[in-house]
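Since the structure is predicted, the reported quantities are computational estimates derived from the model, not experimental observations. In what follows, chains are A, B, ... by sequence order, proteins preceding strands, each numbered from 1.
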Amino acid sequence: MKKLINAPENVVKEALAGMADAHSDLIRVHYDPDYIVRADAPVQGKVGVISGGGSGHEPMHGGFVGKGMLDAACPGAVFTSPVPDQMLAATRAVSGGKGVLHVVKNYTGDVMNFEMAAELAAAEGIEVASVVTNDDVAVKDSLYTAGRRGVGVTVLLEKIAGAAAEAGADLAEVKRIAEKVNAQGRSMGMALTSCTVPHAGKPTFELPDDEMEIGIGIHGEPGRTRTKLASATEIAEMLAGPILEDLPFQSGDTVLAFVNGMGGTPLIELYLMYNELHRILKGKGITIGRRLVGSYITSLEMAGCSFTLVKLDDELTRLWDAPVHTPALRWGM
Amino acid sequence: MKKLINAPENVVKEALAGMADAHSDLIRVHYDPDYIVRADAPVQGKVGVISGGGSGHEPMHGGFVGKGMLDAACPGAVFTSPVPDQMLAATRAVSGGKGVLHVVKNYTGDVMNFEMAAELAAAEGIEVASVVTNDDVAVKDSLYTAGRRGVGVTVLLEKIAGAAAEAGADLAEVKRIAEKVNAQGRSMGMALTSCTVPHAGKPTFELPDDEMEIGIGIHGEPGRTRTKLASATEIAEMLAGPILEDLPFQSGDTVLAFVNGMGGTPLIELYLMYNELHRILKGKGITIGRRLVGSYITSLEMAGCSFTLVKLDDELTRLWDAPVHTPALRWGM
Amino acid sequence: MQIQAEHVIKFVELVAARVKEQRDFLTQLDSAIGDADHGVNLDRGFTTVLSKLPSVADKDIGSILKTIGTTLVSTVGGASGPLYGTAFLRAGMATADRFELGPDDLVAALEAALEGIQTRGKSTRGEKTMIDAIAPAVDALKAARASGDDLVTAMRKAVAACEEGVKATIPMLATKGRASYLGERSIGHQDPGATSSLLMARAMLEIVEGIS
Amino acid sequence: MQIQAEHVIKFVELVAARVKEQRDFLTQLDSAIGDADHGVNLDRGFTTVLSKLPSVADKDIGSILKTIGTTLVSTVGGASGPLYGTAFLRAGMATADRFELGPDDLVAALEAALEGIQTRGKSTRGEKTMIDAIAPAVDALKAARASGDDLVTAMRKAVAACEEGVKATIPMLATKGRASYLGERSIGHQDPGATSSLLMARAMLEIVEGIS
Ligand SMILES: Nc1ncnc2c1ncn2[C@@H]1O[C@H](COP(=O)(O)OP(=O)(O)O)[C@@H](O)[C@H]1O
Ligand SMILES: Nc1ncnc2c1ncn2[C@@H]1O[C@H](COP(=O)(O)OP(=O)(O)O)[C@@H](O)[C@H]1O
Ligand SMILES: [Mg+2]
Ligand SMILES: [Mg+2]
Ligand SMILES: [Mg+2]
Ligand SMILES: [Mg+2]
């Protein structure tokens with residue numbers, strides 16, 4: 001296992017300490033229970049927006065704490081949902097009297113832990129609403145299963161819902177907007193290599209030199225299919241095709257396009273993939289109104305990428321453009 | 001070779017096309033000769049600041065073109081210095097009547113190609129000054145050798161000199177400031193894995209599972225020594241030690257600390273390494289006044305990191321804080 | 001035969017030891033159809049539970065079980081944290097203020113635990129989860145008791161059923177938990193949560209055998 | 001024996017073909033002590049040169065060589081682009097307006113080329129670069145001519161010296177170019193640029209042998 005770490009069990013805490021010092025103007029880190037919170041929390045009269053999940057997806061979520069995005073983030077152990085204690089403490093820390101929105105990725109663990117925290121917070125008199133992201137079209141959906149995973153849409157939703165909260169929207173309104181982003185967003189990802197969970201010490205899966213995984217999750221879960229390596233053009237089709245069909249996205253639509261790196265993918269490849277996505281969408285009469293290219297929701301050092309598309313309207317575009325100032329996303333201030 | 005690419009010979013052009021579309025508000029891309037230029041170039045009455053080098057180090061340099069940083073960047077083939085035609089065309093494109101500064105990393109190829117371009121530009125009546133970065137303490141320096149490589153300081157210098165140019169400084173002044181950053185900056189890097197040049201198709205060097213390279217360059221050049229894997233704490237000492245001794249940095253100094261990922265390193269590890277660096281500097285009575293943590297000067301998908309320290313004074317701090325708006329670095333606007 | 005608070009504590013100590021032994025194996029099972037953390041998660045949780053035990057050693061069984069449950073909820077995370085945590089909490093509620101349990105009290109506590117998992121997980125049998133190990137075990141235990149078996153015999157039958165249940169997860173298509181994302185590819189792998197449940201069932205049998 | 005424009009063109013075509021054949025080998029040498037691009041760089045450059053040749057086929061030797069030089073400068077990049085580019089440019093200046101060259105004109109052109117490389121590269125012998133292949137070759141060529149050898153014989157001696165020069169780079173400590181960053185670790189590896197220079201020297205010998 002080749003990693004820049006000390007003992008596996010200290011990875012999360014040591015990285016948090018680094019974040020705390022590197023971004024002391026924006027965030028504070030609380031330990032035991034662990035959470036990252038806006039330096040000026042709680043902001044009175046503002047809906048608090050919090051999220052959380054396993055670590056190993058950096059900058060998500062901690063890197064999105066700051067003005068115009070998240071009020072707090074709860075980092076679990078690597079790839080493991082955080083525990084209710086963290087979410088409850090974070091909920092209290094950001095509660096400014098207008099309620100708190102929990103942004104939850106649809107994984108059984110995340111959903112259950114956030115549910116328990118929401119029950120406890122409600123018992124303390126804090127109004128909590130939840131939105132669950134489930135945008136991964138690689139997973140077959142059905143009423144009888146755990147449903148789809150929450151992936152790339154989560155980042156975009158946190159930005160957009162965060163902007164709504166910052167602008168003073170009430171809890172129902174922030175939740176409505178968050179649900180709209182999720183409803184209008186779809187994602188799919190792929191991996192060229194596996195990742196290694198520090199505690200496990202060896203790659204989660206073995207991928208031969210000439211194969212890749214299509215429809216991968218962000219936890220080194222195996223994907224939809226394993227296939228021979230293909231060109232960037234072919235991979236882009238494999239990812240964009242199922243996304244476009246699913247919503248479906250149509251000619252005339254304007255989208256927010258997000259090309260995301262899985263952690264071990266160099267930026268030059270992400271721009272190349274963005275070029276492929278751009279070409280595909282153009283061919284279908286779909287306009288890229290806004291875009292984000294970079295490694296924002298990662299899977300440790302996994303090489304690979306994901307595409308996310310969210311159908312834009314004026315409201316979402318305006319909220320996307322609103323100023324944001326966090327460790328990982330910043331514009332307008 | 002596992003990469004998100006099509007034909008190796010098209011990687012640079014296809015990635016440029018992606019950048020051009022993703023950042024059309026900030027930059028324009030010119031092909032044959034290839035260069036990336038600020039959308040509003042040439043800015044009349046402003047010193048033009050350009051840089052360039054082999055591709056494969058993204059976001060450097062193209063990602064630093066925009067307001068408050070570079071006016072143009074010349075991307076060569078992967079890990080290969082660009083050619084004088086590119087630098088000459090870029091110099092013309094950014095020439096606003098106050099001269100042009102060439103920011104050159106100290107590699108024989110880069111130096112010679114920029115030199116030829118500067119001769120040609122001068123022949124056309126454009127005033128050109130050059131600054132050569134050579135901050136890599138891993139390389140033993142001597143009057144009789146090619147000297148040290150330009151690495152991490154280049155990024156910080158481009159930001160700071162770019163801010164001076166944006167604020168209206170003349171060519172001599174921009175050059176003075178650039179040289180100050182280089183003189184006060186030192187770097188050292190390490191690799192956990194090799195990278196693979198697309199055209200070569202296989203890793204530049206073989207690194208056994210239990211070894212790492214210390215003192216690596218940014219082109220997959222082998223480093224100073226190969227040694228057994230070590231903990232983050234030990235690696236941080238191996239990098240920070242030679243940097244601190246070299247300038248030397250002293251108790252009471254305030255520094256700009258830059259923890260850089262080599263392309264395949266996840267952000268969680270960079271924050272963890274930043275935490276180590278912070279601890280070391282604190283122990284020596286050195287204050288981190290400003291910092292940058294992320295993958296900004298990379299070596300394709302290489303896993304590893306580098307540290308760069310620049311001794312700060314009021315002038316450099318002010319210029320670092322000045323607004324910047326480029327694809328990869330943005331604040332204050 | 002009566003079960004005392006000390007037996008509950010011995011049981012949890014044994015589970016903690018077994019989890020540590022089986023940590024890598026459980027994590028490996030979770031690599032195949034999950035995210036390679038099940039053993040690590042449980043080990044973190046039960047290690048913390050061990051450190052809490054001294055403070056509740058003189059408490060009633062219900063309090064001990066509730067402390068174990070809240071500790072698991074607070075430290076395990078993932079899916080198994082809330083599920084096993086809820087199981088211990090519910091068992092604790094079923095045994096509130098009790099310093100001794102008879103065989104049928106134990107059965108009732110286990111039934112409450114299973115129900116807790118099903119409610120929290122919104123899941124049922126046949127979805128390739130820990131329920132496919134626990135539910136057949138509880139069924140077998142009840143049936144054996146109803147037919148007059150003593151607790152040890154009944155518990156042996158329960159562990160046998162549990163083993164069958166774990167094996168039965170192999171050919172199943174997962175519809176809940178992380179393995180469900182794999183669809184057809186989840187078939188052919190043993191569920192990690194079912195496997196850790198079997199580990200607990202075996203530990204319980206060992207303790208019960210020790211009492212008699 | 002006279003060298004005509006067509007021979008220069010044949011020479012460059014032969015170099016382009018050999019560079020393509022040896023591309024991976026040159027790149028591999030550059031992996032060991034450089035950045036794994038020397039073969040790729042030269043191949044890109046000489047492939048473009050080939051496409052430019054038709055447009056200068058009827059020009060004088062000086063113009064042909066200058067076109068080759070500027071094309072190399074414009075397409076190779078790295079260290080070898082300006083170096084080989086300057087070499088051809090200087091050789092072109094030494095042969096301006098000439099449609100035929102005698103043996104001593106060729107020697108003069110090669111001397112000019114070497115000087116160009118040294119000036120551009122601020123380098124000299126013994127630094128583990130292409131100069132360690134070219135300089136001994138030029139020396140041997142001059143010495144052979146001075147002792148009365150015909151061009152073919154002299155060129156054979158030059159190629160032999162060039163081969164020795166390439167071998168001699170192996171134990172050298174690099175002080176210029178990318179290999180210098182390696183310090184002591186550069187010892188034991190053959191210089192890629194010296195190797196490509198030998199390839200060109202051999203091509204030149206082949207052409208000269210073909211003329212006589
Ligand atoms: N909805 C559910 N109901 C019951 N058990 C479940 C459910 N979801 C997951 N599980 C169990 O949890 C186990 C995985 O636990 P663990 O790896 O610790 O959590 P995570 O999946 O969050 O990483 C699965 O093997 C399965 O037995
Ligand atoms: N200063 C110099 N003078 C002469 N030759 C040099 C010098 N620097 C480098 N070289 C030659 O250039 C070769 C490397 O060329 P190439 O790989 O194309 O460029 P780069 O080193 O920029 O990647 C070296 O093997 C060496 O022979
Ligand atoms: Mg997990
Ligand atoms: Mg090169
Ligand atoms: Mg798991
Ligand atoms: Mg090279």
- Task: Provide the closest heavy-atom pair for B:Phe79 versus D:Asp37 in the form atom of the first, atom of the second, distance.
- Result: O-OD2, 3.1 Å
- Heavy atoms from other residues, nucleotides or ligands near CE of D:Met93 exceed 12 (cutoff 6.0 Å): no
- Item | Among D:Leu83, D:Asp35, D:Val76, D:Thr75, residue most engaged with chain B (heavy-atom pairs, under 4.5 Å) | D:Asp35
- Message: To the closest 0.5 Å, what do you measure between OG (D:Ser180) and CZ (B:Arg149)?
- Response: 8.5 Å
- Query: Under 3.5 Å, side chain of D:Arg185 to main-chain N/O of B:Gly223, donor-acceptor pair present?
  - Reply: yes
- Message: Whether B:Arg224 and D:Glu184 form a salt bridge (side-chain N of Lys/Arg under 4.0 Å from carboxylate O of Asp/Glu) is what I want to check.
- Response: no
- Query: Between B:Val78, B:Asp110, B:Asp136, B:Thr108, which residue shows the highest count of heavy-atom pairs closer than 4.5 Å to chain D?
  - Reply: B:Thr108
- Item | chain B contact via D:Ser80 - side chain, backbone, both or neither, heavy atoms under 4.5 Å | neither
- Heavy-atom distance under 4.5 Å to chain B: side chain of D:Asn41, backbone, both or neither? side chain
- Is it the case that more than 12 heavy atoms not belonging to D:Asp58 sit under 6.0 Å from its CG atom? yes
- Is it the side chain or the backbone of D:Val40 that comes within 4.5 Å of chain B heavy atoms, both, or neither? side chain
- Message: Is it true that, when you exclude D:Lys10 itself, more than 12 heavy atoms of the residues, nucleotides or ligands shown sit nearer than 6.0 Å to its NZ?
- Response: no
- Query: Going from CG on D:Leu89 to CE on B:Met116, what distance comes out if it is rounded to the nearest 0.5 angstrom?
  - Reply: 6.0 Å
- By number, which residues in residues 197-207 of chain B have some heavy atom less than 4.5 Å away from chain D? B:Val197, B:His199, B:Ala200, B:Lys202, B:Thr204
- Counting heavy atoms not belonging to D:Glu115, are there more than 12 under 6.0 Å from its CD? no
- With chain D, which of B:Gln86, B:Glu115, B:Lys140 has the greatest number of heavy-atom pairs at distances under 4.5 Å? B:Glu115
- Query: Checking heavy atoms, do the side chain of D:Ala32, its backbone, both or neither come under 4.5 Å from chain B?
  - Reply: backbone
- Query: Considering only heavy atoms, which portion of B:Asn106 lies under 4.5 Å from any heavy atom of chain D: side chain, backbone, both, or neither?
  - Reply: backbone
- Part of D:Ser74 lying under 4.5 Å from any heavy atom of chain B: both
- Quick one: do D:Arg44 and B:Glu9 make a salt bridge, cutoff under 4.0 Å? no
- With a 4.5 angstrom heavy-atom cut-off, which part of B:Ser194 approaches chain D: side chain, backbone, both or neither? neither
- Given B:Thr145 and D:Lys176, is the side-chain contact (heavy atoms from CB on, under 4.5 Å) satisfied, shown in steps? CA-CA 5 Å; B:Thr145 65; D:Lys176 286 286 155 66; 5.6 Å; no
- Which answer fits B:Asn113, side chain, backbone, both or neither, if we ask what part of it has an atom under 4.5 Å from a heavy atom of chain D? both
